[in-house]
Every structure is written in structure tokens, then in C-alpha cells.
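Structure record follows, encoded as C-alpha cells.
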Number of protein chains: 2
Amino acid sequence: MAQRQGLDAENVLQAAVEMADTQGVEGLTLAALAAKLNVKTPSLYNHIKGLPDLRTQLSRRGLMLIKAAMVDAVIGKAKDDALLAVGFAYVDFARKHPGLYEAISILPDYEDPELKEAGNDVVFFLLRILEPYGLSEEDALHVVRGFRSMVHGFASLEHRNGFRMGLERDESLRRLLQTYLRGLRTTESAT
Amino acid sequence: MAQRQGLDAENVLQAAVEMADTQGVEGLTLAALAAKLNVKTPSLYNHIKGLPDLRTQLSRRGLMLIKAAMVDAVIGKAKDDALLAVGFAYVDFARKHPGLYEAISILPDYEDPELKEAGNDVVFFLLRILEPYGLSEEDALHVVRGFRSMVHGFASLEHRNGFRMGLERDESLRRLLQTYLRGLRTTESAT
DNA sequence: TTTACAAAACTAATGATATTAGTTATTATG
DNA sequence: CATAATAACTAATATCATTAGTTTTGTAAA
């Protein structure tokens with residue numbers, strides 16, 4: 001016994017991601033993770049600080065990946081096309097990585113500086129997409145909040161089986177975003 | 001010892017609501033709840049089936065109360081005014097009862113029939129508010145999904161401290177809903 | 001090649017939690 | 001007043017996370 005399994009921090013995080021995506025964040029326990037890695041639970045502490053730390057790492061990784069997906073989606077697109085693509089990329093990420101998405105949205109540690117920065121990154125990214133609209137800074141920030149609310153709300157409800165009617169879900173998202181964007185065109189900023 | 005505390009199911013649920021609203025759903029443990037009620041942990045099992053059951057009850061109670069708040073908010077209002085009021089009632093409920101709101105949105109038991117019904121109730125309520133718009137049934141259902149996504153997303157992000165810019169949050173919500181509603185006015189259903 | 005050190009795994013122990021079984025005490029009812 | 005229902009209790013078990021201290025293993029230096 002005591003065969004080395006060649007674990008390292010990245011290894012463990014990878015396994016945690018898989019486990020979260022299949023079992024949900026609730027189901028990600030150190031006991032189960034250790035079993036998956038053919039190791040006793042305390043051995044994990046050579047690679048992570050503990051469960052809260054692991055969850056924070058999960059959030060960071062998730063935020064990094066979802067931002068990458070949004071950046072990728074927007075290549076070669078501008079204005080409404082770009083925003084629509086970003087919205088779908090966001091929701092698709094949540095579909096493909098439910099565990100990571102939970103980790104993002106549950107946000108174990110509000111004060112983690114890396115998480116704060118990654119969050120701000122996303123906001124700045126959205127602001128840049130909004131540049132061509134020529135909004136004031138304040139207006140743009142409100143729009144960013146609105147956009148985040150829409151896509152997060154949609155992804156979150158969908159994840160929880162909140163949409164039970166037999167109705168195309170992609171179509172619902174498309175209409176939501178397009179209706180909002182249409183409203184934006186006919187806007188005089190505040191009412 | 002063994003003084004009766006006069007507990008019953010409603011009592012225990014009330015205490016659980018308070019604890020969830022102050023400590024968060026995570027912080028609601030049977031051990032802490034029992035301590036708050038001056039009772040040993042196993043005594044709680046005379047009034048609840050267990051922790052999962054308690055959480056389900058919390059969800060049911062939350063859904064009931066948030067629907068009541070929305071119904072109340074809409075009295076004497078119609079169309080855009082009504083929808084705006086409902087949106088604000090929803091978000092305000094989440095602000096006043098963060099624990100109950102968490103319980104609603106985490107949805108411990110997808111399959112609980114009472115929860116299903118309460119969820120459908122909310123959808124039907126929204127559909128009735130949409131009646132004056134004269135939408136087709138399909139269009140209306142998409143709008144309901146959109147509306148729920150917006151208000152849930154907003155409430156959820158706000159709850160998680162997702163809005164860190166120093167910007168009026170009520171104003172962000174107002175603009176989000178109004179922009180969407182404006183888009184709805186200029187719509188030809190599908191694109 | 002051998003030795004020595006760092007790191008990875010282990011065992012053992014502790015403390016929190018939920019849950020179940022079985023017991024005692026209290027209250028209400030016949 | 002007696003009895004039955006029930007609310008509370010104690011004791012026990014199982015699952016977690018976590019810490020301390022030990023053993024093993026791999027690697028790098030002598």
C-alpha cells in the first residue's frame with residue numbers, strides 16, 4: 001500500500017470538476033473525491049487546503065472557462081449579433097458544465113480577490129461589446145446588469161428544471177434577448 | 001429536564017425560516033435549530049421528517065409567500081404597471097427573506113408535487129397579467145420565461161453581491177424591465 | 001551507488017453532523 | 001384518576017472534514 005498516484009493540484013481540481021459536473025456541487029465531497037482518485041481522504045490535503053478552498057478553486061476555474069467561451073463566441077461579431085452570441089455561449093456553458101456553473105453562481109467566497117477580478121473581467125468584456133452602442137458609462141453599466149440578470153436567470157432556472165412547459169428553450173432565450181435589444185434601440189436612456 | 005417546549009410543526013418551521021433568513025440555508029442545521037429551540041436534536045424528529053423534509057417545507061412556504069407578495073403588488077394595476085410592480089415585489093421579497101428565497105431557488109426536491117403546483121400557480125398568475133396584451137399562448141409562455149429569468153437573475157445576482165459598482169440597483173431593475181417591455185411593444189412575435 | 005531529504009501517502013484520532021432505536025416524562029382525555 | 005398519546009430525552013451509529021504524527025517513495029546530491 002501507499003502506492004503513489006501521482007496526484008498534483010491540477011489533477012485533483014480536474015477530478016473535482018468532473019465530479020461536480022456529474023454529481024452536483026453538493027455531491028462533491030472529499031470522501032468521494034478521494035475514493036475516485038484511489039486515495040484516502042487525508043491525502044488530498046497534500047494538494048488542497050480543504051473543502052472551502054477546493055470550492056473556491058472550482059469557482060475560479062469556472063469563471064475563467066465561461067469567460068473564454070464568451071470571448072470565443074464573439075469573434076467576428078458586433079452589436080446585437082455579438083450580444084446574442086454571448087448570451088447563448090453563457091447558457092451553453094451552464095448546460096455543459098452544470099457543476100462548474102453552480103460553483104460560479106454559489107460563489108463560496110465573496111472576498112476572494114482572484115474571484116473579484118475574474119468577475120470584473122467579465123463586466124469589462126461586456127462593456128467593450130457595448131461600446132459601439134455609444135451609451136453613457138452609467139447607461140452601459142445598467143445594461144450590463146440587465147444582460148447578466150437575463151442570462152444568469154435563464155441558465156439558473158433551466159438548470160433547476162424551472163421550465164417545464166413543452167416549449168423550445170433556445171427560442172425562449174432568443175426572444176428574451178432580442179426583445180430586450182429591441183427595447184434598447186428605442187430607448188431614451190432613462191424614462 | 002425534559003420540560004416541554006410546546007413545539008409543533010409550524011413552530012419549528014417558523015424558527016427554521018428565521019434561521020435561514022439570518023444564517024442562510026447552509027447555516028440551517030438541525031443542531032443549531034434544536035439549540036435555538038432549547039431542545040436536543042432528536043426531539044425535532046417529532047415534528048419534521050428530517051433535514052431534506054424541512055428544506056422542502058421551506059421551499060413551499062417561500063413560494064407561497066412570494067406569490068402572495070406578487071398578487072398583493074398587482075392590485076389595481078394592469079399591463080406594464082402591473083408587470084413592473086410584480087418584478088419589484090419579487091426582488092423585494094428576495095431582499096427581505098434571503099433564506100426563503102434561497103430555499104425557493106435551490107429547490108431541494110424537483111419532484112415534490114406541492115412544489116410543482118405552487119410553481120405552476122406562479123406561471124398561471126403571470127399569464128393572467130399578460131392577457132391584456134393579447135398574445136398567442138405560445139408567445140405568452142415565452143414572455144413568462146423571459147420575465148422569470150429577468151427577475152430571478154436580478155435577485156440572485158444581487159443576493160450574491162454580484163453588483164459591486166456603485167450604481168442604484170432599483171434603477172437597474174427598473175430599466176431592465178422597462179427596456180424589455182418596450183421591446184415587447186414593438187414586436188412582431190417571432191423575428 | 002548509496003544516502004538523505006522532501007513530498008506523498010498513510011493511520012489514528014477528534015469533532016460536527018444527521019439519523020434511528022429505545023426510554024422517560026408530561027399532557028390531555030376518557 | 002387512570003391511561004394512552006406524544007414530546008422530549010439518552011445512547012448509539014454512520015458519514016463527513018480536519019489535524020497530528022508516521023511511513024513510504026522518489027529524486028537529487030554525495
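Just so we're on the same page: letters track the sequence lines, and every chain starts at 1. Computed from a prediction, not measured in an experiment: that's the story for all the values here.
- Between D/dA8, C/dA9, D/dT19, one nucleotide has an atom nearer to the side chain of B/Val39 than all others, and that is D/dA8.
- Classification of B/Asp170 and B/Arg95 as a salt-bridged pair holds, one side-chain N sitting under 4.0 Å from a carboxylate O.
- Whole-Å rounding puts the B/Asn38 CG to D/dC9 C1' distance at 14 Å.
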Next item on the list: Using the side chain to side chain contact (heavy atoms under 4.5 Å, CB included) rule, take A/Leu37 and A/Gln5 through it: C-alpha gap first, then chi angles, then the decisive distance, then the call.
Entry: CA-CA 8 Å; A/Leu37 294 167; A/Gln5 301 301 120; over 6 Å; no
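- Ring-plane geometry between A/Phe154 and A/Phe163 is classed as tilted, the angle between the planes lying from 30 to 60 degrees on a 0 to 90 degree scale.
- Spacing between atom CD1 of A/Ile48 and atom P of C/dA8 amounts to 13 Å, rounded to whole angstrom units.
- Applying the 3.5 Å distance criterion, the base of C/dA7 shares no donor-acceptor pair with the side chain of A/Asn46.
- We find that CG of B/Leu30 is positioned 4 Å from P of C/dA18, with the value rounded to whole Å.
- Note on A/His47: a side-chain N or O is less than 4.0 Å away from OP1 or OP2 of C/dA9.
- For A/Arg60 (side chain) and A/Asp112 (main-chain N/O), no donor-acceptor pair under 3.5 Å exists by modelled atom type.
- With hydrogens and angles ignored, no donor-acceptor pair closer than 3.5 Å exists between the side chain of B/Arg4 and the base of C/dT27.
- As a whole-Å value, the separation of A/Leu44 CG from C/dC10 C1' is 12 Å.
- What separates CG of B/Leu7 from C1' of D/dA7 is a distance of 9 Å, to the nearest Å.
- Following rounding to the nearest Å, B/Lys49 (NZ) and C/dA18 (P) show an atom-to-atom distance of 18 Å.
- When the nucleotides C/dA18, D/dA8, D/dC16 are ranked by their closest atom to the side chain of A/Thr29, D/dC16 comes out on top.
- B/Ser43 comes within contact range of at least one nucleobase, with a heavy-atom separation under 4.0 Å.
- Between A/Thr41 and the phosphate of D/dA17, there is no side-chain N or O to OP1/OP2 separation shorter than 4.0 Å.
- Distance OH (B/Tyr45) to P (D/dA7): 16 Å, rounded to an integer number of Å.
- Put simply, CG on A/Asp53 is 13 Å from C1' on D/dA17, counting in whole angstrom units.
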Next item on the list: Would you sort out whether A/Leu33 and A/Thr41 count as a side chain to side chain contact (heavy atoms under 4.5 Å, CB included), showing the intermediate values?
Entry: CA-CA 8 Å; A/Leu33 184 59; A/Thr41 309; over 6 Å; no
